[in-house]
Amino acid sequence: MDQALKLDRWLVYLGNLRDMGDGEALRFYMNRTKQKFPGSAQSHARAFEALERSAASLEAVDRQHGRGAALNLSHRTVIQSLAVKGHRYTLGMAENARRCAFLQVP
């Protein structure tokens, strides 16, 4: 598989993390993507800038309202993850997300 296709898959995965509302994981995997594909930051600058803004917004909501407040509880992956014992998404995070569901996070 060529590098461009691998990078595209990683960008889809990063978009999925954004849609899930997980700013912490988005930031972690975005940095990992930049390390794994060193030229990607320049070649896909617009996509990374949008993801940076999203990660910052999601992290700000979590700081202000509690960890997990930005989680999208209607996202399939979040729902499945909450059902797994020992997953990093906890019921406390889900409760924060439920309380803050009215927030519009970009």
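In this text, all values refer to a predicted model and were calculated from it rather than measured experimentally.
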Going from [atom1] on [X] to [atom2] on [Y], what distance comes out if it is rounded to the nearest 0.5 angstrom?
| X | Y | atom1 | atom2 | value |
| --- | --- | --- | --- | --- |
| Ser81 | His75 | OG | NE2 | 9.5 Å |
| Gln3 | Ser43 | CD | OG | 11.0 Å |
| Ser40 | Gln35 | OG | CD | 10.5 Å |

Within-4.5 Å side-chain heavy-atom neighbours: [X] and [Y]:
| X | Y | answer |
| --- | --- | --- |
| Arg99 | Asn96 | yes |
| His87 | Leu82 | no |
| Asp22 | Glu59 | no |
| Thr33 | Phe48 | yes |
| Leu58 | Arg27 | no |
| Arg88 | Glu24 | yes |
| Thr90 | Met93 | yes |
| Leu73 | Ile79 | no |

Fill in the blank from the handout: Correct closest heavy-atom pair for Gly68 and Ala97 would be O-CB, 3.2 Å
Practice task
Could you tell me which non-hydrogen atom of Leu14 sits nearest to which non-hydrogen atom of Leu26, and how far apart they are?
Solution key: O-CD1, 3.4 Å
Handout entry: Plane angle bin for Trp10 and Phe37 - parallel if under 30°, tilted between 30 and 60°, otherwise perpendicular
Key = perpendicular
Handout entry: Check: Ala70 main-chain N/O paired with Asp62 side-chain donor or acceptor under 3.5 Å
Key = yes
Exercise for the section: For the pair Asn72 (side chain) and Gly21 (backbone), establish whether a donor and an acceptor sit closer than 3.5 Å, ignoring hydrogens and angles. Expected result: no
Problem - Tyr89 and Met20: CA distance, side-chain angles, deciding distance, side-chain contact (heavy atoms from CB on, under 4.5 Å) verdict - result: CA-CA 11 Å; Tyr89 295 160; Met20 290 168 53; 3.1 Å; yes
Problem - SB check Glu49 Arg46 (cutoff 4.0 Å) - result: no
